[in-house]
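Here is the structure we will look at, set down as structure tokens.
Protein chains get the first letters and strands the later ones, always in sequence-line order, with residue 1 at the start of each.
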There are 2 protein chains.
Amino acid sequence: MAVTILIVEDELAIQELIALNLKRAGHMVLCADSAEQAKKMVNNVLPDLVLLDWMLPDMSGIEFARKLRREDRTKAIPIIMLTARIQESDKIAGLEAGADDYITKPFSPRELLARIKAVLRRRLPEMSDEIIEMGGLRLDPTTHRVHVYASNEPEKLSEIALGPTEFRLLHFLMAYKERVHTRSQLLDRVWGDHVFIEDRTVDVHIRRLRKILEAVDKENLVQTVRGTGYRFSVECNEESVE
Amino acid sequence: MAVTILIVEDELAIQELIALNLKRAGHMVLCADSAEQAKKMVNNVLPDLVLLDWMLPDMSGIEFARKLRREDRTKAIPIIMLTARIQESDKIAGLEAGADDYITKPFSPRELLARIKAVLRRRLPEMSDEIIEMGGLRLDPTTHRVHVYASNEPEKLSEIALGPTEFRLLHFLMAYKERVHTRSQLLDRVWGDHVFIEDRTVDVHIRRLRKILEAVDKENLVQTVRGTGYRFSVECNEESVE
DNA sequence: ATAAAGCGTTACAAATTTATGACAGTATGA
DNA sequence: TCATACTGTCATAAATTTGTAACGCTTTAT
């Protein structure tokens with residue numbers, strides 16, 4: 001997937017080295033050599049991941065990480081800290097500030113890429129702006145639209161209208177298809193952490209989502225797993241064999 | 001699976017950091033900042049795993065670990081020690097006390113999650129979300145589905161529908177295949193702690209499970225061991241032919 | 001052989017879990 | 001500001017799951 005990575009690093013040599021490697025791996029790369037500049041870039045384009053040097057000329061990396069974590073728009077962006085030192089206190093401070101991982105300089109490109117991959121896999125599937133297409137649905141995160149392939153006329157796409165929450169819910173379920181999610185997992189990851197909402201509310205939103213999908217004969221994509229939660233699945237629900 | 005993890009750690013910053021990461025990974029988290037508090041929590045809810053700080057204000061982590069190991073109800077819980085030091089003597093002491101693994105501070109969330117996974121795989125196979133495949137059955141905890149390889153057509157997989165308890169029961173039996181479990185062991189580990197249910201109820205659920213497996217000619221996977229309990233076994237039970 | 005113990009099986013009512021529709025409070029946008 | 005769209009919560013209905021009791025069969029021990 002086309003991941004946009006912001007590198008915040010003041011040593012140009014290192015910055016370019018990293019950029020080169022990331023580009024080679026197929027990522028979009030943005031570079032900044034100060035927290036100030038990084039902030040401006042973030043305002044323009046929201047990166048999918050930030051590689052953040054520990055020591056920056058104008059502000060410590062930690063501080064910048066905290067800043068990112070504080071704002072709604074950026075708080076979900078994974079951060080990997082780049083640090084020359086391996087002091088215990090530094091690591092703890094970095095992780096506390098909300099870094100997802102850290103890597104100590106010098107590091108091999110291979111190691112960096114592996115960590116990036118791991119962090120993305122852990123944090124992002126539902127955030128990557130990739131179009132998800134399955135089960136006759138086509139969800140486009142960038143345009144915030146969902147289309148349905150008419151079952152009789154495979155060429156024709158009709159759009160369906162979802163409310164904000166239904167959209168996020170469907171997006172999440174599709175991003176992790178076939179997997180069961182408990183209600184609280186859904187609340188955490190679709191509504192957001194720390195929300196204070198009843199579990200049962202999820203049912204209602206599932207219901208709303210299904211109702212919309214019913215209109216286009218796709219309601220069986222969202223399945224109930226009794227005793228556990230819900231699942232988006234392309235496979236048929238149950239096939240008792242005799 | 002939803003693993004409940006108890007964090008016993010007095011430094012709040014670290015405690016929260018760990019909690020955040022575990023939650024993000026889909027675990028249920030309990031926190032205690034002293035052995036005293038931890039003990040109370042354990043009395044209430046039995047965690048599936050304990051992350052235990054080496055140094056605690058009221059009692060050393062080691063001592064608490066020993067306490068857990070001494071009592072029947074808690075002695076099977078895996079323990080991972082969090083320690084700042086890596087002295088050989090400490091390791092030995094920790095192992096003696098019954099710790100399953102160590103992790104030295106500071107550690108990355110990635111590392112912590114990896115160790116948790118490893119320990120769970122080793123100690124509580126039914127909690128690790130791994131697909132179990134044996135005897136022509138394929139159970140996937142993440143999608144919460146069980147498939148059967150049709151015996152005549154090995155390519156074809158058909159799904160079988162299980163109720164919540166049957167699913168957990170089968171999962172447990174498969175995770176510890178070839179091993180006999182008494183009814184009360186099953187009640188403890190499949191139904192949960194502190195349940196007040198008749199032993200014979202297990203029979204009924206075994207019956208229900210078998211009935212479903214009968215439909216796909218797999219009923220002999222769940223075997224009775226007279227005088228003891230039940231067992232999931234791929235080997236044939238005993239077939240004296242006359 | 002006979003009694004006792006251990007299991008398998010079934011039926012059923014109670015308990016739990018979901019689905020659904022309605023409602024009121026908020027946000028959003030014209 | 002007003003109208004419309006969204007949300008979260010409830011109450012109630014519907015559906016499934018569960019634990020027990022009861023009865024009969026098989027194995028084991030006396």
### N/O (side chain, B:K211) to phosphate O (OP1/OP2, C:dT10) under 4.0 Å
yes
### Message
I'd like to know if the side chain of B:H147 reaches the main chain of B:R145, judged simply by a donor and an acceptor atom lying under 3.5 Å from each other, with no hydrogens or angles considered.
### Response
no
### Task
Measure from the side-chain N and O atoms of A:R138 to the backbone N and O of A:Y149, and report whether any donor-acceptor pair falls under 3.5 Å.
no
### Message
Using a 3.5 Å distance criterion without hydrogens, assess whether the side chain of B:R69 forms a donor-acceptor pair with backbone atoms of B:I77.
### Response
yes
### Query
Toward the 5' end of DNA chain C, which comes first, B:T228 or A:T228, by nearest nucleotide?
B:T228
### Message
Check the phosphate of C:dG6 against B:R200, side-chain N and O only, distance under 4.0 Å to OP1 or OP2. Yes or no?
### Response
no
### Query
Does anyone know the first and last nucleotide of DNA chain D in reach of chain B, 5' to 3', at under 4.0 angstrom to a heavy atom?
D:dT17 to D:dT28
### Query
According to a strict under-4.0 Å criterion, is B:R207 in side-chain N/O contact with OP1 or OP2 of C:dG8?
no
### Query
Do the side-chain N or O atoms of A:Y230 get closer than 4.0 angstrom to the phosphate oxygens (OP1, OP2) of C:dA19?
yes
### Query
Is there a side-chain contact between A:H181 and A:V190 (heavy atoms, below 4.5 Å)?
no
### Message
We want to know whether A:Y176 and A:R189 form a side-chain donor-acceptor pair, criterion being a heavy-atom distance below 3.5 angstrom.
### Response
yes
### Query
Which word best sums up how the rings of B:W191 and B:H205 line up, parallel for under 30°, tilted for 30 to 60°, or perpendicular for over 60°?
perpendicular
### Query
Counting just side-chain N and O atoms, does A:T224 come under 4.0 Å of either OP1 or OP2 of C:dT17?
no
